[in-house]
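A short write-up of the structure that comes next.
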Amino acid sequence: MSAATAHGYEVLARADLPVDTVDLARTLIGKVVVRETSDGLLSGRIVETEAYLVGDAASHAYRGETARNRVLFGDRGYAYVYLAYGVSYMLNVSSEAAGVGAGVLVRALEPLVGIATMQLNRGVETLRDLARGPGRLAAALDIDRRLDGADLCRIGPLWLARDLHDALDIGISTRIGLTKAADRLLRFYVRDNRFVSGPKALNS
DNA sequence: AGTGCGATTGACT
DNA sequence: GTCAATCGCACTA
């Protein structure tokens, strides 16, 4: 039996996702986010992620389960979407076993399919700026709280797909924009990739 | 019921 | 480089 495919993409099975949050953050680099909307198909390759661990003061799950973060406490491979600074939505992938609160923030994409629609969604033309940064990424793909809880291992409005490209040079750095636990090396990115966010010093 | 604060972004000096 | 916008949420009382 072969895995389900759509639009030329093969959906990632939950068994393909590492349970461990750091392993998942690394594994997601190079995978593809697929967004299906009434305006058509949008997709992009993940070039930057951050892990938010159990016992991590910077994690939304740190103070226990609430109505907002409940997805982080479910099984791995589901979308946790929240609004940051009252301005930007953030896309996360839940990790670890059910009952354990942790996840991976998807911080940047290399746009692949539906670039014209992403330009409209963002109000910006520049390819490099369409999904460089978590808030921009969510805006480009028209992601908001309606997609909170979406199963990313099932073909639908939002899912994860394999990518043909392998052997990416992955760098590690501190996470961006934190006031707590800011020293931990939990950010993963494709080295010297122009679609990665953050200061130059952290990207090579 | 009131308060303080961000896993950011875009505009501006 | 600096800084304000903006609002849902968690915490205090």
Side-chain angles (χ1 to χ4, degrees), chain A residues 20-29 33 44 46-74 76-96 100-109 111 118-150 152 158 160 170-190 194-203:
Chain A
D20 180 80
T21 305
V22 170
D23 288 346
L24 178 62
R26 241 192 295 259
T27 296
L28 287 177
I29 298 290
V33 176
I46 298 172
V47 295
E48 181 183 355
T49 62
E50 284 179 355
Y52 288 86
L53 310 183
V54 173
D56 177 354
S59 170
H60 281 192
Y62 184 62
R63 294 162 199 279
E65 184 174 347
T66 67
R68 173 175 65 158
N69 68 20
R70 65 184 169 75
V71 175
L72 291 177
F73 288 83
R76 67 190 188 281
Y78 291 82
Y80 166 51
V81 180
Y82 73 93
L83 181 64
Y85 292 100
V87 174
S88 307
Y89 288 98
M90 307 279 125
L91 172 65
N92 299 256
V93 181
S94 65
S95 62
E96 304 292 339
V100 179
V104 174
L105 171 67
V106 183
R107 284 194 58 91
L109 300 179
M118 292 189 210
Q119 288 170 324
L120 284 174
N121 290 344
R122 286 270 296 114
V124 166
E125 295 280 313
T126 318
L127 182 65
R128 185 167 110 94
D129 294 337
L130 290 182
R132 183 168 55 87
R136 293 165 174 170
L137 179 164
L141 298 187
D142 191 26
I143 289 171
D144 60 25
R145 281 285 287 177
R146 290 172 303 178
L147 288 165
D148 186 58
L152 302 175
L158 184 65
L160 291 168
I170 298 176
I172 305 176
S173 81
T174 53
R175 294 175 292 186
I176 293 178
L178 299 186
T179 55
K180 300 169 194 155
D183 53 327
R184 306 187 70 172
L185 299 173
L186 293 172
R187 172 174 175 264
F188 303 89
Y189 59 93
V190 178
R194 71 194 192 104
F195 298 100
V196 169
S197 77
K200 191 180 292 184
L202 291 183
N203 291 343

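The sequence lines fix the lettering, A, B, ..., with proteins before strands; numbering per chain opens at 1.
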#### Entry: Minimum heavy-atom distance between A:Arg68 and A:Tyr82, given as atom pair plus value
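Smallest heavy-atom distance, with atoms named: NH1-CD1, 4.1 Å.
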Please report the distance, rounded to the nearest Å, between [atom1] in [X] and [atom2] in [N].
X        : N     : atom1 : atom2 : result
A:Leu105 : B:dA7 : CG    : C1'   : 6 Å
A:Tyr80  : B:dA7 : OH    : C1'   : 9 Å
A:Arg187 : B:dA7 : CZ    : C1'   : 12 Å
A:His60  : B:dG6 : NE2   : C1'   : 7 Å
A:Arg175 : B:dT8 : CZ    : P     : 11 Å
A:Glu48  : B:dA7 : CD    : P     : 15 Å

### Query
Taking atom CG of A:Leu24 and atom OG1 of A:Thr49, what is their separation to the nearest 0.5 Å?
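OG1 of A:Thr49 is found 8.0 Å from CG of A:Leu24.
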### Task
Find out whether the Lys NZ or Arg CZ of A:Arg70 is both under 6.0 angstrom from the six-membered ring centre of A:Tyr78 and within 45° of the ring's axis.
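No.
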### Task
Examine A:Arg107 relative to A:Tyr189 and say whether NZ or CZ is less than 6.0 Å from the centre of the six-membered ring and inside a 45° cone about the ring axis.
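No, A:Arg107 and A:Tyr189 do not form such a contact.
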### Query
What pairs with A:Arg146 under side-chain hydrogen bond (donor to acceptor under 3.5 Å, both in side chains), at least two apart in sequence or on another chain?
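Listed in chain order: A:Asp144.
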#### Entry: All pairs passing salt bridge (Lys or Arg N to Asp or Glu O under 4.0 Å) where residues 176-188 of chain A contributes a residue, at least two apart
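Every pair satisfying salt bridge (Lys or Arg N to Asp or Glu O under 4.0 Å) with a residue in residues 176-188 of chain A: A:Glu48-A:Arg187.
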Within the distance-only criterion (no hydrogens, no angle test), does the side chain of [X] pair as donor or acceptor with the backbone N or O of [Y] below 3.5 angstrom?
X        : Y        : value
A:Glu65  : A:Gly101 : no
A:Ser95  : A:Gly103 : yes
A:Arg122 : A:Ala139 : no

### Task
Check whether the side chain of A:Tyr82 and the base of B:dA7 form a donor-acceptor pair under 3.5 Å.
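Indeed, a donor on one side and an acceptor on the other fall under 3.5 Å apart.
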Any [X] side-chain heavy atom under 4.5 Å of [Y] side chain:
X        : Y        : answer
A:Met118 : A:Leu109 : no
A:Arg145 : A:Leu83  : no
A:Asn121 : A:Leu141 : no
A:Ile29  : A:Val47  : no

### Query
Which is the 5'-most and which the 3'-most nucleotide of DNA chain C that has an atom under 4.0 Å from a heavy atom of chain A?
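So the contact region on DNA chain C extends C:dT6 to C:dC11.
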### Message
What residues from residues 61-68 of chain A pass a heavy-atom cutoff of under 4.0 Å to DNA chain C?
### Response
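By residue number: A:Arg63, A:Thr66, A:Arg68.
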### Message
Pick the closest DNA chain C nucleotide for A:Arg145 and for A:Tyr85 by heavy atoms, then say which residue is nearer the 5' end.
### Response
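The residue mapped nearer the 5' terminus is A:Tyr85.
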### Query
Taking a pair as Watson-Crick (N1 to N3 plus N6-O4 or O6-N4) or G-U wobble (N1-O2 and O6-N3), both under 3.5 Å, which stems of 3 or more consecutive pairs involve DNA chain C?
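Stem segments, range with range: B:1-6 with C:7-12, B:8-12 with C:1-5.
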Would you tabulate the nitrogen or oxygen pairs shorter than 3.5 Å linking the protein to nucleotides 9-13 of chain B?
residue, atom, partner, partner atom, Å
B:dT9, OP1, A:Pro134, N, 3.3
B:dT9, OP1, A:Gly135, N, 2.7
B:dT9, OP1, A:Arg136, N, 3.0
B:dG10, OP1, A:Arg122, NH1, 2.9
B:dG10, OP2, A:Arg136, NE, 2.9
B:dG10, OP2, A:Arg136, NH2, 2.9

